[in-house]
Every structure is written in C-alpha cells, then in structure tokens.
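Down below is the structure, laid out as structure tokens.
Counting convention: from 1, in listed order, for ligands and their atoms alike. Keep in mind that what you see is a predicted model, and the values were worked out from it rather than measured.
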Amino acid sequence: MPAERQKIFAANWKMYKNGEEAEIFIRDMRRTAENCPHELIIFPPSVYLERSATAAKGSPIHIGAQNIHWQAEGAYTGEISAAMAADAGCTYCLCGHSERRHQYGESAEMVARKAHAAIHNGLIPVICLGETLIQRENGETLEVLYNDANASLSGIEADPRLVVAYEPVWAIGTGRTATPEDAQTACAFLRKVIGEKWGDCAQQIRILYGGSVNPDNILSLMECPDIDGALVGGASLYLEKFTKIIRCK
Ligand code: 13P
C-alpha cells in the first residue's frame, strides 16, 4: 500500500515582486493557508526572505530560498549560505532549478553539495531536475532523469523530508505543460530511481511537477498517483491563480 503523502504547493517567484508586494501577497494568503490540507511554500527573492518570513509568521506558510551556496561562508560575492537562509526564516530551499543549471552552469555535483549544505543547516532541499527539449526529442528523458537524480542525490542519506521537483525544461515558462501521462511516467520513474538508492523511503518522498502549471491544468496533474504537488512559477505571482491551484483538490 503506497504511503499517504501530504501534497505540497510551492510558489517560485524567481526575480519578480518587490518587498511590499511579497508582504501583501503572503498576508492575503494566510486565510487560504489556515484551512488548507496541503503544505505551502513561497520562494521569494533572497532579499525579501526575512520580510516574507515575518509576514508568514504564525501561519502554516513556509518560506524557502531559491538558491544557496554549499559553503558555510567565504569570498563568494552575491551568494548566501544555507545557514543565512535558515537565519532569515527559511525552512526549504530550491537546489538545482533548471535556470540555475542552464544559465549559471550549476552541475549535478554542485546541486548535491547544496542539498547536503541545506540538510546540514536544517533546511529541506527541493531538488529540481528535468530534461531539455532536445533530450526529450532524442528519447533520452529517462536516461537524463536517472543520471541527474543519482548525481544530485550523491552522498545524501535517505531522508523522507527531502522533496524532488520534476520540471521538464521545455515546459518552464512556455505555456506548454507535460501531459499528465508523461509527467506521471517521469515522476514514477524518479520514485523508482530514488527507491534503488533509499529503499522504502522513496514512498514517502514528495515529487512535485513544475512547468506551466495553471488553474486549468492542475487537477489532471494532481490526479496522477506519483505527483505530490506542484512547483509553480508564472501563475504563482497572482494570488487568485495560486489560490485556485492550491484549492484544486
Ligand atoms: P512556470 O510555472 O512559469 O512554467 O515556471 C515553472 C518553474 O520554473 C517553477 O520553478
């Protein structure tokens, strides 16, 4: 019997919103969050982590960092450490979002080091991975997921709190969502790969889908047995759309 997994709905705001907009959004979202059976996470820009955490205080809304460095401290201009993110009020952090991997050259090895640093500092990593369009067209999707999942989890001990986000690169910000069948195949495959490393713990891991999620396509994605929530970009910038997504089930 598969484990009952609490769904996660997460908003990745990327480089959008100013501090006031972030605060108002979170304040207005609190009522939805109070009666929500799902776990909710907001990933604001790093300069607004503390302000967002203050706005979310006393509510079930979690705040997460979009990125962290794997070192505890050092001469890394522009970076923040896992401890700094935790100190700002974060409980989660994204590791290896495709925009980091493809625009800033983040390797799977770096992603594993970030996830390690996150866990070491009491943050829960959300490890993101997914194939590019060319890889999909070449029939390499499962191979890419296999290699990336293994490399990104390298050296990390089984931890049921860890979260994985399957985000096919071709679906991010394009309005082109994976079909529920394709997303389910990928997420079930990822669970199998994690199971090879971590055994039964894989049944407790939440695997999210991300890529052009909106209020119209969310329900069919959430009906898939191995999809445990969504990592939402563009649609999460609008409270009305994000609320509809959260309330889909
Ligand atoms: P969109 O929902 O805008 O496609 O972004 C997805 C994403 O990158 C979430 O991390």
* **Polar contact flag, side-chain donor to acceptor under 3.5 angstrom, T132-Q135** =>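 The criterion, which ignores hydrogens and geometry beyond distance, is satisfied for Q135 and T132.
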* Would you check if there is a donor-acceptor pair between the side chains of S152 and R101 at a distance under 3.5 Å? =>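 Looking only at side-chain atoms, S152 and R101 do form a donor-acceptor pair, the distance falling under 3.5 Å.
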* Asked: Does the N121 side chain pair with the main chain of A117, one donor and one acceptor, at a distance under 3.5 Å?
  ->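 Indeed, once roles are kept as given, a pair shorter than 3.5 Å links the two residues.
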* Asked: Which residue pairs satisfy the ring pair (Phe, Tyr, Trp, His ring centres under 6.0 Å) criterion with at least one member in residues 48-82, sequence neighbours excluded?
  ->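 Passing the test, one end in residues 48-82: H62-Y92, H69-Y76.
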For [X], is at least one N or O under 3.5 Å away from an N or O on ligand 1?
{"X": "V232", "value": "no"}
{"X": "G173", "value": "yes"}
{"X": "E99", "value": "no"}
{"X": "T174", "value": "no"}

Looking at [atom], what's its closest protein heavy atom, distance included?
{"atom": "atom 9 (C) of ligand 1", "result": "E167 OE2, 2.9 Å"}
{"atom": "atom 2 (O) of ligand 1", "result": "G233 N, 2.9 Å"}
{"atom": "atom 3 (O) of ligand 1", "result": "G234 N, 2.8 Å"}
{"atom": "atom 5 (O) of ligand 1", "result": "K14 NZ, 3.3 Å"}

* To do: Considering the heavy atoms of L231, write down every atom of ligand 1 situated less than 4.0 Å from one of them.
  =>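 Numbered from 1, ligand 1 contributes 9 (C), 10 (O).
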* Can you list the atoms of ligand 1 that are under 4.0 Å from a heavy atom of A171? ->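 This gives 4 (O) as the contact atoms.
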* Is the W13 ring parallel, tilted or perpendicular to the F25 ring (thresholds 30°, 60°)? ->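 If you compare the ring of W13 with that of F25, the planes turn out perpendicular.
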* To do: For ligand 1, indicate whether the residue S98 contacts it via side chain, backbone, both or neither (heavy-atom separation under 4.0 Å).
  =>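 No part of S98 is near ligand 1 at this cut-off.
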* Asked: Counting only heavy atoms, which portion of N12 has something under 4.0 Å from ligand 1: side chain, backbone, both, or neither?
  ->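 The part of N12 near ligand 1 is the side chain, not the backbone.
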* **Over-ring placement of K241 relative to Y238, 6.0 Å and 45° cut-offs** =>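 That pair qualifies as a cation-pi contact.
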* Asked: Any heavy atom of G210 sitting closer than 4.0 Å to ligand 1?
  ->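 The answer is no: ligand 1 sits nowhere under 4.0 Å from a heavy atom of G210.
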* Contact list for residues 35-59, test salt bridge (Lys or Arg N to Asp or Glu O under 4.0 Å), sequence neighbours left out ->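 Sorted pair list: E23-R51, E39-R206.
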* Show your reasoning for whether salt bridge (charged side-chain N to carboxylate O under 4.0 Å, His left out) applies to D228 and R5. => CA-CA 7 Å; D228 307 313; R5 295 179 293 266; 2.9 Å; yes
* State which residue, out of H97, K114, E99, fulfils the side chain to side chain donor-acceptor pair (under 3.5 Å) condition with N67. =>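 That would be K114.
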